[in-house]
Number of protein chains: 2
Amino acid sequence: MHYTRDNMAGLLRSHDINPTHQRIEIAYALFSRQEHLSADQVMAIVNTRHSETSKATVYNTLKLFLEKGLVREVIVDPSKVFFDPNTSPHHHLYEVDSGKLSDIDAEHVVISGLPPLPAGMVTEGIDLIVRVRRTS
Amino acid sequence: MHYTRDNMAGLLRSHDINPTHQRIEIAYALFSRQEHLSADQVMAIVNTRHSETSKATVYNTLKLFLEKGLVREVIVDPSKVFFDPNTSPHHHLYEVDSGKLSDIDAEHVVISGLPPLPAGMVTEGIDLIVRVRRTS
DNA sequence: CGCCGATCTGGACTTTGTCTAATATTCGGA
DNA sequence: TCCGAATATTAGACAAAGTCCAGATCGGCG
Ligand SMILES: [Mn+2]
Ligand SMILES: [Mn+2]
Ligand SMILES: [Zn+2]
Ligand SMILES: [Zn+2]
C-alpha cells in the first residue's frame, strides 16, 4: 500500500474524521514516512512547504487521530510523545543515545506468565520496549 | 527489611552517594513508601514537615540516585517521570484512568521470540507495561 | 451570494524539568 | 578544634512540551 496526499481523505473518512487541508497534511506526514514522529517534528514537516499549520492545530489533530484510532502513541522518551501510524500490534526498540525508535513485529513475540488482572479491569494494551545502547 | 531515616545513610553510602540531610529525606520518601513517585510528589513529601528542600535539589538528587542505580525511572505517563525504589527486575501495571502504577513481579513472566539486536547494540533493559482500564 | 457549524489560529498560560552563579555545608588534615 | 577545598544546596531565570480560549476563517449548502 502506497500513501499519497490524494488517498488521505479516504483514510480519514474511514476513521470518521472530517478531512481538512491541515488534517490531510498531518496524516500524510505520518503515513507517507511510516515513522514515529513527535508533534514538533510533524509541525516542522507540514510547515516546510508553505501551508502554515498552527501549533494548536497540530496538537488538536494528533489528539483527534489518537481518539479515532488512526495513530497510536508511544511513550518512551520522558520529554516528548511519539505518534505512530502503525496501529497493528507491535513492540518497540529504542536506542537510548540517539533517540531512534523502531518497530518490532509482534507476530513472533510471546509474553507469558503475566498474573491475572485485578477484577473489573480490562487490558487496553501491552507495551514492550527494548531499550538498547551502543556497545561502548 | 524495614526502612527508617537512620538506615538511609548506610543505603546511600552503599551506592557511593554522600549522605546529606536532603538526600536522606528524599531516599526515605521513596524507600519507606515503596511507591512510584514523581519529582513533584517527592518534593511535596519532603517539604511536608519543615526541612524545605529546593526544587533544584529534588531534581538533582533524583538524577543522582538514578545514575548510581539506587532507583529506576518508569516512563509511562506522557507528562511526568516516575521514580521507583524497586530496582529488581520487574514490570508494571498502569491504570490509565487513575494514573495508578503497580509492580508486576518478573519472576514468572517470560518474553520470548524477540528478534536479534542490531549489531553493536546491547540491551539496557526491557520495559513491559500492561495498560489497563476499568470495565465501563 | 450569505449562513452556520466546524475548524483553525495567535498567543497567553501551565507544567515539567534544566541551568547558573552565589551561598552554604561537609569533611579530612593540621 | 579550626581551616580550606571540594561538594552540595539554593532562588529564580529559563526552556520546551503541551493546553486553552476567544475571535477569525473556512466551506458546504440553500
Ligand atoms: Mn485503523
Ligand atoms: Mn541497589
Ligand atoms: Zn511503532
Ligand atoms: Zn516498579
Side-chain angles (χ1 to χ4, degrees), chain A residues 8-9 12-13 15-30 36-47 49-68 70-84 96 99 101, chain B residues 8-10 12-13 15-30 36-47 49-68 70-84 99 101:
Chain A
M8 286 301 104
L12 294 176
R13 279 196 206 91
H15 282 264
D16 197 25
I17 298 166
N18 209 341
T20 64
H21 295 317
Q22 289 87 344
R23 287 171 182 176
I24 285 170
E25 281 303 312
I26 291 170
Y28 184 66
L30 283 158
H36 307 87
L37 300 177
S38 64
D40 228 37
Q41 291 175 305
V42 168
M43 178 132 83
I45 291 167
V46 299
N47 285 335
R49 6 186 85 231
H50 54 291
S51 32
E52 293 305 317
T53 301
S54 73
K55 185 171 62 148
T57 296
V58 170
Y59 278 97
N60 288 343
T61 300
L62 289 170
K63 189 188 280 186
L64 177 70
F65 285 4
L66 204 57
E67 284 163 10
K68 298 294 189 179
L70 181 61
V71 301
R72 111 182 219 192
E73 215 176 16
V74 183
I75 299 164
V76 74
D77 180 312
S79 73
K80 65 182 71 139
V81 169
F82 287 101
F83 295 88
D84 190 346
V96 178
L101 186 60
Chain B
M8 286 300 105
L12 294 176
R13 279 197 205 91
H15 283 263
D16 196 26
I17 297 166
N18 210 339
T20 64
H21 296 317
Q22 290 87 344
R23 288 171 181 176
I24 286 170
E25 281 302 313
I26 292 170
Y28 184 67
L30 283 158
H36 306 87
L37 300 177
S38 65
D40 227 37
Q41 291 176 306
V42 168
M43 178 131 84
I45 291 167
V46 299
N47 285 334
R49 10 185 81 232
H50 55 292
S51 32
E52 292 306 316
T53 302
S54 73
K55 184 171 62 148
T57 295
V58 170
Y59 278 97
N60 288 344
T61 300
L62 290 169
K63 188 187 280 185
L64 177 71
F65 285 4
L66 204 56
E67 284 163 10
K68 297 295 190 178
L70 181 61
V71 302
R72 107 184 224 192
E73 216 178 15
V74 182
I75 299 163
V76 74
D77 180 311
S79 72
K80 65 182 71 138
V81 169
F82 286 101
F83 295 88
D84 190 346
L101 186 60

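None of these values were measured; they are calculated from a predicted model. Here is the naming used below: chain letters follow the sequence lines, and residue numbers restart at 1 for every chain.
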Which letter, B, S or -, goes with each nucleotide of nucleotides 7-14 of chain D from 5' to 3', with contact meaning a protein heavy atom under 4.0 Å? -SSBB-B-

Could you tell me how far apart Glu25(A) (CD) and dT7(C) (P) are, to the nearest whole angstrom? 18 Å

For a 4.5 angstrom cut-off between non-hydrogen side-chain atoms, does Phe82(B) reach Leu37(B)? no

Can you list the residues that meet the side chain to side chain contact (heavy atoms under 4.5 Å, CB included) rule with Asn47(B), with sequence neighbours excluded? Met43(B), Glu52(B), Thr53(B)

Heavy-atom check, side chain of Ile75(A) versus side chain of Val76(B), under 4.5 Å: no

Rounded interatomic separation in angstrom, taking CZ from Phe83(B) and P from dG17(C): 7 Å

Just how far, in rounded Å, is P of dG17(C) from NZ of Lys63(B)? 11 Å

In degrees, rounded to 10°, what is the bend between the two ends of the helix from dC1(C)-dG30(D) to dA30(C)-dT1(D), using five pairs at each? 10°

What verdict does the side chain to side chain contact (heavy atoms under 4.5 Å, CB included) test give for Phe65(B) and Ile26(B), after you've listed the backbone C-alpha separation in whole Å, the side-chain angles of each residue and the deciding distance to 0.1 Å? CA-CA 10 Å; Phe65(B) 285 4; Ile26(B) 292 170; 3.8 Å; yes

Measuring only between side-chain heavy atoms, which start at C-beta, is Asn18(B) closer than 4.5 Å to Leu12(B)? no

Whole-Å distance separating the CD1 atom of Ile24(B) from the C1' atom of dT26(C): 12 Å

dG18(D) P sits how many Å from Lys80(B) NZ, rounded? 15 Å

Between CZ of Phe83(B) and CD of Glu73(B), what distance do you get to the nearest 0.5 Å? 5.5 Å

Donor-acceptor side-chain pairing of Ser38(A) and Asp40(A) below 3.5 angstrom: no

Between C1' on dG17(C) and CE on Met43(B), what's the gap in Å once rounded to a whole number? 11 Å

Do Pro19(A) and Met8(A) make a side-chain contact, defined as non-hydrogen atoms from C-beta onward lying under 4.5 Å apart? no

Ser79(B) or Pro19(B): which one's nearest nucleotide on DNA chain C is closer to the 5' end? Ser79(B)

Would you say the side chain of Leu62(A) lies within less than 4.5 Å of the side chain of Val58(A), judging by non-hydrogen atoms? yes

In whole angstroms, how far is the P atom of dT26(C) from the CZ atom of Arg13(B)? 12 Å

Does dT18(C) have OP1 or OP2 sitting under 4.0 Å from an N or O in the side chain of Tyr59(B)? no

